[in-house]
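Working notes, structure below.
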Amino acid sequence: MARPDDAAADEWSFSARMLNLLFEAAAAARNGVEYTNSEVAATINDRAGRRVISDETIRKLRAPGGPQPSFDKVAHIASFFQVPLDAFKEGTATQEAVAAEAKKLLEARRKHTEKLNRQVAQESEGIQMLARSARRLDSRGLKLAMEFISSLQKMQKAQK
């Protein structure tokens with residue numbers, strides 16, 4: 001996108017909502033680990049070879065009703081998140097498309113997390129059942145159970 005002139009700059013409306021959505025989507029792609037404002041600022045500044053933005057500026061830009069950043073800052077943020085510049089401009093088709101992709105990624109991450117949580121819950125139920133059963137065994141029965149489990153583990157390894 002070309003650099004906006006003064007009239008176009010007045011029409012520019014930076015989207016804090018989009019910036020936060022991109023932080024969330026990036027976290028989904030990074031196994032739930034969200035970039036910090038400091039990490040984003042440091043990476044942008046390193047890539048630019050100069051101080052372009054601070055973590056405090058990014059924090060302010062993420063707040064609803066925050067300041068309108070310069071074109072240069074928006075360009076650097078867009079580059080960091082690998083999205084077109086218009087992704088940050090309210091009401092554009094580009095923004096809608098980028099938001100839709102980010103939401104798809106977040107939904108896929110949510111489903112994956114739910115699946116893992118169900119698996120952990122099922123495993124936990126099985127372990128709890130085994131523990132309850134083991135508590136009812138005397139020392140001889142507990143020793144036999146441990147030997148049986150050890151034998152099962154060896155059989156499983158041999159099958160792999």
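Because the structure is predicted, anything quoted here is derived from the model rather than measured.
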Checklist outcome for this item: On a heavy-atom basis, the closest approach of His76 and Ala48 is CE1-CB, 3.8 Å
Item to check | Close side-chain approach of Arg110 and Thr113, heavy atoms under 4.5 Å | outcome: no
Next on the checklist: Parallel, tilted or perpendicular: which one describes the rings of Tyr35 and Phe81, with boundaries at 30° and 60°?
Outcome noted: perpendicular
Checklist entry - Rounded to the nearest 0.5 Å, how far apart are OG of Ser15 and CD of Gln95? => result 4.5 Å
Item to check | Sequence neighbours excluded - side chain to side chain donor-acceptor pair (under 3.5 Å) pairs with any residue from residues 44-58 | outcome: Ser38-Asp55, Ser54-Thr57, Glu56-Arg59
Next on the checklist: Looking at Gln82, I'd like to know if its CD atom is crowded, meaning that more than 12 non-hydrogen atoms belonging to other residues, nucleotides or ligands lie closer than 6.0 Å.
Outcome noted: no
Checklist entry - Got Ile77 and Ile53 here, is their nearest side-chain heavy-atom distance under 4.5 Å? => result yes
Next on the checklist: Using side-chain heavy atoms (C-beta onward) and a distance below 4.5 Å, is Val83 in contact with Met18?
Outcome noted: no
Checklist entry - Which heavy-atom pair separates Val98 from Pro84 by the least distance, and what is that distance? => result CG2-CD, 4.0 Å
Item to check | Side chains of Met129 and Ser133 in contact at under 4.5 Å (non-hydrogen atoms) | outcome: yes
Next on the checklist: I need the minimum non-hydrogen distance between Ala145 and Leu137, along with the two atoms involved.
Outcome noted: CB-CD1, 4.0 Å
Next on the checklist: How close do Phe14 and Leu61 get, counting heavy atoms only, and between which atoms?
Outcome noted: CE2-O, 3.8 Å
Checklist entry - Taking side chain as C-beta onward, heavy atoms only, is His112 less than 4.5 Å from Arg109? => result yes
Next on the checklist: Among residues at least two apart in sequence or on other chains, which ones pass salt bridge (Lys or Arg N to Asp or Glu O under 4.0 Å) with Arg62?
Outcome noted: Glu34
Checklist entry - Just how far is it from atom CZ of Phe23 to atom CZ of Phe80, taken to the nearest 0.5 Å? => result 7.0 Å
Checklist entry - Please walk me through it: do Lys104 and Glu101 pass salt bridge (charged side-chain N to carboxylate O under 4.0 Å, His left out)? => result CA-CA 5 Å; Lys104 274 192 220 175; Glu101 285 300 312; 3.1 Å; yes
